[in-house]
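Comments concern the structure below.
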There are 2 protein chains.
Amino acid sequence: MLIGICEDDPTIRRLVSQAMGFAGHEVLSAHNGGEALRLFGADSAVDVLVMDIGLPDSDGRDVTQALRSAGQVAPVVFLTALGSVHDKLSGFGAGGDDYLAKPFDVKELIARVEALGRRGRPTSHDPSGLVLNPATHGIRSESGQVLLTPTEFRMLAAITSRPGEVVRRRTVVAAAWPDGAVVNENTIDSFIRRIRTKLDSIGSPVTIQTVRGVGFRLL
Amino acid sequence: MLIGICEDDPTIRRLVSQAMGFAGHEVLSAHNGGEALRLFGADSAVDVLVMDIGLPDSDGRDVTQALRSAGQVAPVVFLTALGSVHDKLSGFGAGGDDYLAKPFDVKELIARVEALGRRGRPTSHDPSGLVLNPATHGIRSESGQVLLTPTEFRMLAAITSRPGEVVRRRTVVAAAWPDGAVVNENTIDSFIRRIRTKLDSIGSPVTIQTVRGVGFRLL
DNA sequence: CACCGGCATTCAGGTTGTTGGCATGGTCGG
DNA sequence: CCGACCATGCCAACAACCTGAATGCCGGTG
């Protein structure tokens, strides 16, 4: 895996880099927020980001949000000297996926990073390598990544949960509108269309096939 | 899972619906036998049916048999106010798979429903090695698989529900057009032909034999 | 408060797969 | 050998679906 690190303290940076190297991962490191924005944009292939919250030039949460709006969907682990619940929550609010208070055990960091990187169906190992990130509503394949809207994401999640199998329209609706809202049939098609557009905007190898009169399936 | 419930008592209906929702299942509910026949036909994707025996307009066992001959193969749990052994046996005789006496514990109902749902996943009880999947309208044999259209699927389901036995033309019609539509005799042949074509496009070992003047039979 | 941008929803029109039925030719039973 | 029944190929109508664009609905911003 390729891990992106944004951390101003050189000691921690080197420590983490070495440990990741031992664990078999590559590391790309940034010293501050500005560098992070350059290195970890949407075209960067990092699998997981490790982000210090207390950066010299900015707040790691702001950097993360900037990266998100630039299209970066990789999961993020925040590092911070502050251990309060409030900070933890604001970390998640900023689109973070995990949180670790300094001082931390390097092994724990590695474990969490690897867990995030693995995330994707453990059961139905989908052959496409399409990874959905619930924290950010982002999806990524080998060839790119893109952010989905909440409804788009729920809908796609329902379909990818059974790759290769047909998912009924009714099921897709139940997943996309959990409150049981009644929507025009056409609305479903509109969403499917936009998802398809986004899928192939990142050159994804997977496609959503429609099975007339039944539903959709991931191929 | 998609659970179909047929129960006239609104209290029980709501109770069960909510509980199923909590357990992560979708629910489709019918108030009486007639509605059940419309909602839970062969093209319905229900994974398990919960059927009250004491319905206002009919007997749940009769409804179940009607659904069976319409090609519905999902397992059924019967609910009843009567707890006698006799009723229990007649429930099994009607093609039921489990039995629960009122008043019942909702947790127990959920447990049984889930057990049945897991047990017969791609449901079809036919010995020929042909597997029908109601959720996807797909059929599979050792040698391959195809997707059928909704009408094709209902028709084939009716025939495979009695492998080896002759199914009358009128029975096939009733299964394929549950709304009681009147169709040209020739239309049946057209569909049979399409099904046959798809069957041998996957090199299926089973074939549909026509019994002149009577109907069809799976061999 | 007016404006803007993103999201959800709906509409209208074109496109395609499914249906149901026709015409034709074959096959079976008497 | 004839009529009833079934198989086959084909086509028109329809419903399901796709597509592009317009509308309404917030939450944030100047």
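Numbered from 1 within each chain, the chains take letters A, B, ... in sequence-line order.
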Given 3.5 Å as the limit, does a donor-acceptor pair link the side chain of B:R217 with the main chain of B:Q209, or not?
no

Does A:S141 reach the main-chain N or O of A:L130 with its side chain, forming a donor-acceptor pair under 3.5 Å?
no

Which of the following nucleotides, C:dT18, C:dC11, C:dC7, is nearest to the side chain of A:N184?
C:dC11

Counting only side-chain heavy atoms from C-beta out, which of C:dT9, C:dA8, C:dG20 sits nearest to A:T149?
C:dA8

Taken to the nearest whole Å, CG/B:L148 to P/C:dG17 is 17 Å

Without swapping roles, check the side chain of B:R13 against the backbone of B:E7 for a donor-acceptor pair under 3.5 Å.
yes

Atom CZ of B:F191 and atom P of C:dT18: how far apart are they, to the nearest Å?
10 Å

Inspect the surroundings of CZ in B:R196 and state if more than 12 heavy atoms from other residues, nucleotides or ligands are less than 6.0 Å away.
yes

For B:T187 and C:dG21, is the shortest distance between a side-chain N/O and OP1 or OP2 below 4.0 Å?
yes

Take atom CZ of A:R154 and atom P of C:dT9, then tell me their distance rounded to the nearest Å.
9 Å

Contact pattern, 5' to 3', of nucleotides 11-20 of chain D - B, S or - by protein heavy atom under 4.0 Å:
----BBSBBB

Using a distance-only test with no angle check, is there a side-chain donor-acceptor pair under 3.5 angstrom linking B:E152 and B:H137?
no

B:L2 backbone acceptor or donor facing B:D47 side chain under 3.5 Å:
yes

Tell me: CG of B:L147 to C1' of C:dT18, nearest whole Å?
14 Å

Please check if any side-chain donor atom of A:T151 sits under 3.5 Å from a side-chain acceptor atom of A:T149, or the reverse.
no

Interatomic distance, B:E152 CD vs C:dT19 P [rounded to whole Å]
6 Å

N/O (side chain, A:W177) to phosphate O (OP1/OP2, C:dT9) under 4.0 Å:
yes

Starting at atom CD of A:Q209, determine the distance to atom P of C:dG17, rounded to an integer number of angstrom.
11 Å

Specify the separation, in whole Å, of atom NE2 of A:H137 and atom C1' of C:dA8.
15 Å

